[in-house]
Amino acid sequence: MNRLKIREILSRPSQGMPVDVCGWVRSRRESKGIAFIALSDGSCQDTLQLVIPEGSAAFPRLRGCNTGAAVRASGYLRESPGKGQSFEMEVSAMEVFGDADPVTYPLQKKGHTLEFLREIGHLRPRTNTYGAVFRIRNLLARAVHEFFQGRGFVWVHTPIITASDCEGAGDLFSVTTLDHENPPRHEGRIDFSKDFFGARSYLTVSGQLEAEFLSMALGDVYTFGPTFRAENSNTSRHLAEFWMIEPEMAFADLQDDMALAEDFFRFLCRTVAEQGEHELAFLEKQYKTISIAGIRGLGDKPFVRITYTDAVRELGKAAGKFEFPVEWGLDLQSEHERYLTDTVFCGPVIVTDYPRDIKAFYMRLNEDGRTVAAMDVLVPRIGEIMGGSQREERLEVLESRMRAAAISGGSLEWYVDLRRFGSAPHAGFGLGFERLVQYITGMPNIRDVIPCPRAPLSIRF
RNA sequence: UCCCGGGUAGCUCAGCCGGCAGAGCAGGUGGCUGUUAACCACCCUGUCGGGGGUUCGAAUCCCUCCCCGGGAGCCA
């Protein structure tokens, strides 16, 4: 099929040349003697205006060109006398691949709520909102690789199925081939030694532990892949299946980790502001939850850094404003994080050195013995977008922390082993990809930044 | 999982201290010589989320279940 994409046509319009375009009808407007079609092919935010005069051979085809129909149009490009677009295509011939019955096609020539569109997950990518979101998602995914590859990080593929059940990152989905009706039993309990892997296995909740051993060989590595949490979370910022990016650096401490996180985030903001301008402009205009200027600004401005202890002191000054208590040793609540990002610092904040007892066992114990070298990157509206730490590389300290957390060595023996052979300081963090997309696009609900959201009671598409 | 708010036409919603089920948009038909979610006129559209109860009578009151949204927790 000899066709041009709308993106190509509009980026270097060559007037008078014969062109073929294929796409889906967004809207059709008819006047006496002339008709207009807004055509989208997904290649860019803009639609191409097709002009069909009554004399055109394409005119009789209009009957099948309802909103949603897939068509091919042949004609030539020219400057548009109308307002709203610089160029348009006068159509001489048109072919309808597949019509869409206007009575039953759910997408109308009008605005729909995001809640309704979620119920037609297979059709919602055809709207300009989801088109914008998914193109930005692609842009960000590419930028993630550009950033790390440019710095010599190795993309490593950590497993999706794992036997580690004690990473302290929430409930897991089980993976099994055992007969659910009649599983093999040993002394009354299900005998997982008869299961596919000969042991209980799960969908991964994080690639970090594997990324750690790869970084202890390849130096700087990163993962970028799907992650699963079986938590019964019903919020606008949680998914049961989401994509996570987890860099891990050998010979690095928390300072290096923070510098990487900040450079990374700012690179992504700059890249999307440059390359996703049309999409961002649409979202800015349509929803008013983001601004291109704001995203560009994030790319330039350094993040505020504050220790947990200082953050608690800062929050203490406004204690009366909170529902939950602020006290050293307690985790920060959503309202506290929001106060820091939205009211005190008005932008992204990195909070470091949390109390040992509220953080994971693998985070490196600080000199004071009561805090760990952890960092959370908090952003307005979303809250925690990245979480990371310097890892505990000292064998005795790690073992003691695992005992305190009641984690048995068993399935994690290999993890502990890394501290026996050539252990070295290392650090990394995790970035929830959908939260990033959510933050950049301003979509209020995380279910609107992934094509097929997985959440409790939600697996239809 | 907990706390709030919702579920009425294809979509967005009004009606809710009980008494004939409504509007706008979409869709259909016709009109209009360049439209921009076109415009104008007319027409069509219902399991009032499901089940049970109170009542002469329930979209409306009560119970219960399901689903959706917002917030919280868990976290990325």
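Just so you know, these numbers come straight off a predicted model, no measurement behind them. Proteins get letters first, then strands, A, B, ... in listed order; numbering begins at 1 in each.
In this structure, F148(A) has its ring center under 6.0 Å from that of F264(A). Residues F433(A) and F224(A) bring their aromatic ring centres within 6.0 Å. Checked against a 6.0 Å centroid threshold, the rings of H336(A) and F324(A) do not count as neighbours.
Using N1 to N3 plus N6-O4 or O6-N4 for Watson-Crick, or N1-O2 and O6-N3 for G-U wobble, each under 3.5 Å, U12(B) pairs with A23(B). Pairing partner, G5(B): C68(B), with both Watson-Crick or wobble hydrogen-bond distances short of 3.5 Å. Summarising the base pairing, U35(B) is matched to no nucleotide, lacking a Watson-Crick or G-U wobble pair whose two defining distances lie under 3.5 Å. When Watson-Crick and G-U wobble pairs are counted only if both distances are under 3.5 Å, U29(B) pairs with A41(B). Searching all strands for a Watson-Crick or G-U wobble partner of U54(B) with both distances below 3.5 Å returns nothing.
With centres under 5.5 Å and a plane angle under 30°, the ring of F242(A) is stacked against the base of A76(B).
Q438(A) has its CD atom 18 Å from the P atom of C75(B), to the nearest Å. The interatomic distance linking L62(A) (CG) with U35(B) (C1') rounds to 13 Å, in whole Å. Distance, R454(A) CZ to C75(B) P: 24 Å, rounded to whole Å. C74(B) atom C1' lies 14 Å from atom CG of L239(A), rounded to whole Å. The nearest whole Å value for the distance from the CG atom in D101(A) to the P atom in G27(B) is 11 Å.
As rounded to the nearest Å, A14(B) and C48(B) have C1' atoms that lie 13 Å from one another. For the C1' atoms, the distance linking G30(B) with G69(B) amounts to 42 Å, nearest Å. Nucleotides A59(B) and G51(B) are separated by 13 Å at their P atoms, to the nearest Å. With C1' as the reference atom, G71(B) and G53(B) are 33 Å apart, rounded to whole Å. When the C1' atom is compared between G15(B) and G46(B), the two are found 14 Å apart, to the nearest whole Å. Straight-line distance between the C1' atoms of C3(B) and U12(B): roughly 27 Å, to the nearest whole Å. For the C1' atoms, the distance from C11(B) to G50(B) is 22 Å, rounded to whole Å. Separation of the P atoms belonging to U55(B) and C44(B) is 39 Å when rounded to the nearest angstrom.
Base engagement by Q108(A) is indicated by at least one non-hydrogen atom pair under 4.0 Å involving a base atom. Nucleic acid contact class of N445(A) (heavy atoms, under 4.0 Å, all strands): sugar-phosphate only. Within the nucleic acid shown, S80(A) comes within 4.0 Å of at least one base atom, counting heavy atoms only. Within the 4.0 angstrom heavy-atom criterion, no nucleotide atom of any strand lies near R63(A). Using a 4.0 Å heavy-atom criterion, one finds that I385(A) contacts the sugar-phosphate atoms exclusively.
Between the side chain of E335(A) and the base of G71(B), no donor-acceptor pair of N or O atoms lies under 3.5 Å.
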> Hey, mind stepping through S389(A) and K359(A) against side chain to side chain contact (heavy atoms under 4.5 Å, CB included) and telling me if it holds?
Replying inline: CA-CA 10 Å; S389(A) 67; K359(A) 286 292 183 184; over 6 Å; no
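At the phosphate of G71(B), OP1 or OP2 sits under 4.0 Å from a side-chain N or O atom of S236(A). Within the 4.0 Å cut-off from OP1 or OP2 of A72(B), at least one side-chain nitrogen or oxygen of R338(A) is found. Residue R118(A) places at least one side-chain N or O under 4.0 Å from the OP1 or OP2 atom of G69(B). Contact check, Q333(A) against G73(B): a side-chain N or O comes under 4.0 Å of OP1 or OP2. At the phosphate of C74(B), neither OP1 nor OP2 sits under 4.0 Å from any side-chain N or O atom of S233(A). Residue K109(A) places none of its side-chain N or O atoms closer than 4.0 Å to OP1 or OP2 of A37(B). For G73(B), one of the phosphate oxygens OP1 or OP2 lies less than 4.0 angstrom from a side-chain nitrogen or oxygen of S334(A). Phosphate proximity of U33(B) to R29(A): absent, as no side-chain N or O sits under 4.0 Å from OP1 or OP2. When the side-chain nitrogen and oxygen atoms of S27(A) are compared with OP1 and OP2 of A37(B), none of them lie within a distance under 4.0 Å.
Heavy atoms of other residues, nucleotides or ligands lying less than 6.0 angstrom from NE2 of H278(A) number 12 at most. Dense packing is recorded around CZ of R135(A), with more than 12 heavy atoms of other residues, nucleotides or ligands lying under 6.0 Å away.
For the pair E241(A) (side chain) and F228(A) (backbone), a donor-acceptor distance under 3.5 Å is absent.
Classified by interplanar angle (parallel below 30°, tilted 30° to 60°, perpendicular above 60°), the ring pair F265(A)/F303(A) is perpendicular.
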